[in-house]
Amino acid sequence: MGAETDSRITAVLDRLGDLPGALLPVLHEIQHEIGHIPPTAVPAIARALNLSRAEVHGVISFYSHFRTEPAGAHLIQLCRAEACQAVGSRELEAHVKARLGIDYDATSEDGRITLEPVYCLGNCACGPSLQIDEHLHARVTPQRFDALLAGLEESR
Amino acid sequence: MTQRVYVPSDATACALGADAVAAAIADQARTRGQDLQLIRNGSRGLFWLEPLVEVEVEGKRFGYGPVAPEDVPGLFASDFLTGGEHPLALGPTEEIPYLRAQTRVNFARAGLIDPLSLTDYQRHGGFAGLRRALALSGQAAVDEVKTSGLRGRGGAAFPTGIKWQTVLDTQATQKYVVCNADEGDSGTFADRLLMEADPLQLIEGMTIAGLAVGATQGYIYVRSEYPRAFAVLRAAIALAREAGFLGPDVCGSGRAFELEARLGAGAYICGEETSLLESLEGRRGLVRAKPPLPAIEGLFGKPTVINNVLTLASVAEIFARGGAWYASLGCGRSLGTLPMQLAGNVKRGGLIELPFGHSLRELIEDFGGGTASGRPLRAVQVGGPLGAYLSADELDTPLDYEAFAARGAMLGHGGVVVFDDSVDMAEQARFAMEFCVVESCGKCTPCRIGSVRGVEVIDRIRADTDRDDNLLLLKELCDTMEYGSLCAMGGLTPMPVRSAVEKFPQDFGA
């Protein structure tokens with residue numbers, strides 16, 4: 001673990017370590033700062049929170065939001081749940097996978113895009129829904145997805 | 001006078017381009033030298049009209065929608081700031097039939113106010129409930145909730161007053177109020193809408209809960225898929241604290257209540273209350289066996305009121321207007337209002353708050369206008385991914401907990417997902433099992449393994465392999481999951497599966 005990463009993790013632990021039930025807030029903050037939770041950070045987290053390494057690892061691996069490796073430059077989360085299925089998300093899903101050439105929980109070869117499934121983004125009246133990085137998009141058709149993707153390429 | 005223009009900052013409105021519309025309005029105003037005040041309100045929940053821009057003319061709000069950024073110059077040209085005519089003009093917002101026909105209690109302020117204005121909130125009745133609660137004893141406050149007949153809006157519909165009584169009666173050095181804002185059901189967005197549009201109502205309700213049962217610390221557990229709601233809540237908590245509505249001395253009463261919003265991390269199971277408590281304590285979201293009830297041994301082993309967002313928010317209005325007033329709405333043992341969420345393949349999706357007792361048909365046909373695709377409606381899933389599928393013949397079912405239970409269905413958190421005749425119900429049944437595979441916490445075998453076997457059995461049925469034997473096997477597997485699972489995840493996954501098999505046998509090769 002690099003010295004800078006190390007000091008950032010220490011700073012997070014100093015700031016949040018005393019909260020009751022601190023582990024989730026700590027993991028969120030580390031991922032927010034670094035982009036992922038390096039497995040090498042586990043011992044430091046465990047020590048600071050008086051937990052075993054197994055407990056920390058167990059929590060990181062339980063929650064789908066936490067990642068132990070960096071994501072691609074952009075994260076695309078596609079809703080797989082029923083309300084979106086009712087308006088064509090299965091077709092959108094097939095299109096997105098074919099277009100990106102990757103399945104869920106994978107990153108494109110050029111490291112540009114990570115694709116993840118998500119089960120409901122709370123946009124159920126205006127699906128199909130997908131989120132690109134921080135931005136939620138509604139009524140996403142395959143054509144609209146292609147336009148959004150082109151927008152990402154332009155911002156390159 | 002400076003014109004007020006409202007553009008929602010709600011997640012769905014923004015997903016439909018509200019930020020760009022707001023920017024275009026500000027830009028046009030600058031170009032034209034027009035003085036206006038742009039307010040980012042929450043959404044009214046009329047999502048098919050989003051982005052819904054409103055202008056205030058002589059104290060009355062006029063709507064225009066759905067507005068795209070390129071419509072903005074035309075709106076200015078049509079003098080929309082004074083309510084001018086335009087093809088997108090909807091007239092006075094409150095008179096839009098979809099809104100006028102509702103009975104808004106939880107959502108009365110949604111979209112009306114700036115979510116982060118204490119002044120707006122109080123001008124529209126906010127904190128009246130808290131002020132009243134401060135004058136009541138704990139027992140009198142719990143009695144008020146019992147009088148209201150309020151039942152948990154998260155899905156289980158347990159009487160809220162009884163839960164609170166248990167916490168009040170349990171002696172402890174520390175008690176907690178926890179809000180379950182892990183709204184993971186597909187087809188639901190009422191909690192999100194409320195947190196984004198009127199967060200102070202939730203804060204007020206939780207404070208009242210704390211005062212009633214003697215809890216001094218509250219937590220709101222928000223799912224990580226709702227970053228906007230989380231940010232709004234955090235800001236609202238800071239405002240409320242600064243103004244003395246939260247903190248060591250609530251409204252100068254000498255009584256304390258602190259509140260913190262916490263973020264989940266992408267686990268549907270954390271909507272189950274004991275799993276949520278585990279997660280708040282910093283652990284894997286594994287379901288706890290009950291008893292002990294959370295009301296006796298909840299967060300950090302202490303007595304805990306744990307309620308859904310809408311339940312706690314309702315409390316604010318119950319105290320402002322009285323439990324008896326609330327109980328005068330609704331029917332039978334389902335009292336008050338239920339915010340229903342109309343979603344999926346429907347023309348006019350959105351939030352519809354009505355007293356219990358209206359029919360599913362009124363919701364889907366009168367409010368929703370039928371399917372978005374224009375094709376015939378075939379199935380409706382009510383109550384989230386663990387809720388039953390209803391057929392087109394069952395639309396006259398009244399929206400009432402008991403009427404749904406009598407049909408082997410559930411109202412749950414009020415999500416209604418409409419499907420047209422292109423749906424393959426065997427595929428939906430398979431998805432129900434697959435969802436359980438993905439989201440099971442893994443603690444009990446019927447749920448963890450049963451769901452995996454369920455996917456396999458349904459695959460065999462769909463491939464027409466020993467169909468009759470496999471249908472029987474699926475039935476038995478559903479029984480095992482229902483009776484043997486530790487919580488509602490494994491226990492209710494059979495509900496959508498069975499309803500699909502029983503009501504749509506032709507999709508399973510019959």
Side-chain angles (χ1 to χ4, degrees), chain A residues 19-29 31-32 37 45 49-51 55-67 77 79-91 104 116-132 134-140, chain B residues 11-12 14-16 47-48 50 183-189 191-193 223-229 260 262-268 279-286 299-300 341-346 349-351 372-373 381 384-385 415 417-420 423 427-428 431 435 438-439 441:
Chain A
L19 286 175
L23 186 52
L24 262 74
V26 161
L27 294 176
H28 270 297
E29 197 62 15
Q31 181 157 308
H32 181 71
I37 302 162
I45 299 168
L49 302 183
N50 197 23
L51 297 168
E55 284 169 311
V56 177
H57 172 77
V59 167
I60 295 170
S61 60
F62 182 87
Y63 295 97
S64 62
H65 179 82
F66 297 131
R67 59 179 74 255
Q77 293 176 302
C79 179
R80 287 198 69 208
E82 290 90 342
C84 286
Q85 290 167 2
V87 284
S89 70
R90 286 194 177 96
E91 292 74 16
Y104 284 128
E116 286 184 353
V118 65
Y119 296 89
C120 197
L121 292 162
N123 184 47
C124 316
C126 302
S129 313
L130 67 77
Q131 187 156 297
I132 302 179
E134 304 294 301
H135 297 283
L136 181 63
H137 299 275
R139 298 192 191 118
V140 183
Chain B
T12 288
C14 290
L16 291 164
F47 287 128
W48 89 98
E50 294 290 0
E183 182 178 53
D185 286 358
S186 175
T188 66
F189 43 74
D191 295 352
R192 179 186 66 68
L193 180 59
R223 64 199 297 257
S224 55
E225 292 84 347
Y226 286 179
R228 195 178 289 264
E260 186 186 334
R262 287 273 179 100
L263 210 49
Y268 177 76
S279 185
L280 263 183
E281 291 183 18
R283 286 193 288 273
R284 299 161 68 95
L286 295 189
L299 187 64
F300 301 113
Q341 300 124 85
L342 196 50
N345 197 330
V346 66
L351 188 289
S373 60
Q381 188 177 29
V417 178
V418 177
F419 292 82
D420 71 13
V423 68
E427 195 174 22
Q428 295 310 118
F431 178 79
F435 182 66
V438 175
E439 298 293 349
C441 83

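Below, chains carry the letters A, B, ... as their sequence lines are ordered, and counting in each starts from 1.
- Here the closest heavy-atom approach between residue Gly344(B) and residue Val87(A) is recorded as O-CG1, 3.5 Å.
- Counting heavy-atom pairs under 4.5 Å between each of Ser64(A), Pro128(A), Gly88(A) and chain B puts Ser64(A) at the top.
- Both the backbone and the side chain of Glu82(A) come within contact range of chain B, with heavy atoms under 4.5 Å apart.
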Decide side chain to side chain contact (heavy atoms under 4.5 Å, CB included) for Val438(B) and Tyr119(A); before the verdict, give the C-alpha distance in whole Å, the side-chain angles of both, and the deciding distance to 0.1 Å. CA-CA 10 Å; Val438(B) 175; Tyr119(A) 296 89; 3.8 Å; yes
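- The greatest number of non-hydrogen atom pairs below 4.5 Å with chain B, out of Cys126(A), Ser89(A), Pro20(A), is found for Pro20(A).
- Taking the six-membered ring for Trp and thresholds of 30 and 60 degrees, His135(A) and His137(A) have ring planes inclined between 30 and 60 degrees apart.
- The closest donor-acceptor contact from the side chain of Arg223(B) to the backbone of Tyr268(B) lies at 3.5 Å or more, if one exists at all.
- Chosen from Gly127(A), Ala83(A), Ala138(A), the residue pairing most often with chain B at heavy-atom distances under 4.5 Å is Ala83(A).
- Heavy-atom distances place the side chain of Glu439(B), and not its backbone, under 4.5 Å from chain A.
- Most heavy-atom pairs under 4.5 Å with chain B: of the set Gln131(A), Gln77(A), Gln85(A), Gln31(A), this distinction falls to Gln85(A).
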How far apart are the C-alpha atoms of Arg283(B) and Phe62(A), what are their side-chain angles, what is the distance that settles it, and do they pass the side chain to side chain contact (heavy atoms under 4.5 Å, CB included) test? CA-CA 9 Å; Arg283(B) 286 193 288 273; Phe62(A) 182 87; over 6 Å; no
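- Put simply, the side chain of Asn345(B) gets close to the backbone of Ala372(B): a donor and an acceptor are under 3.5 Å apart.
- With a threshold of 4.5 angstrom between heavy atoms, Gln381(B) approaches chain A through side-chain atoms but not through N, CA, C or O.
- For Ala11(B), the parts sitting under 4.5 Å from any heavy atom of chain A are the backbone and the side chain alike.
- Considering only heavy-atom pairs separated by less than 4.5 Å from chain B, the leading option among Leu23(A), Leu136(A), Ile60(A) is Leu136(A).
- When heavy atoms are compared at a cutoff of 4.5 Å, Val118(A) approaches chain B solely by way of its side chain, counted from C-beta outward.
- Summarising the geometry of Gly349(B) relative to Ala125(A), their closest heavy-atom pair is C-CB, 3.8 Å, with the distance given to 0.1 Å.
- With chain B as the partner, the residue from Cys84(A), Ser61(A), Ala86(A), Pro117(A) showing the most heavy-atom pairs under 4.5 Å is Ala86(A).
- Comparing Ala343(B), Cys14(B), Ser186(B) by heavy-atom pairs within less than 4.5 Å of chain A, the highest count is held by Ser186(B).
- Smallest separation of non-hydrogen atoms from Gln341(B) and Phe189(B): OE1-N, 2.8 Å.
- For chain A, the nearby parts of Leu263(B) are the backbone and the side chain; heavy atoms of each come within less than 4.5 Å.
- The pair Glu134(A)-Arg228(B) does not meet the salt-bridge criterion, since no charged nitrogen lies less than 4.0 angstrom from a carboxylate oxygen.
- At a 4.5 Å heavy-atom cutoff, the contact between Phe47(B) and chain A is made by backbone and side-chain atoms alike.
- For Thr12(B), the parts lying under 4.5 angstrom from a heavy atom of chain A are both the backbone and the side chain.
- In this structure, the portions of Arg80(A) lying under 4.5 Å from any heavy atom of chain B include both its backbone and its side chain.
- Heavy atoms of Asp420(B) lying under 4.5 Å from chain A are absent altogether.
- When all heavy atoms of Cys120(A) and Gly187(B) are compared, the pair lying nearest together is SG-N, 4.5 Å.
- Both the backbone and the side chain of Ser279(B) come within less than 4.5 Å of a heavy atom in chain A.
- Taking a cutoff of 4.0 Å between a charged side-chain nitrogen and a carboxylate oxygen, Glu225(B) and Arg192(B) do not qualify as a salt bridge.
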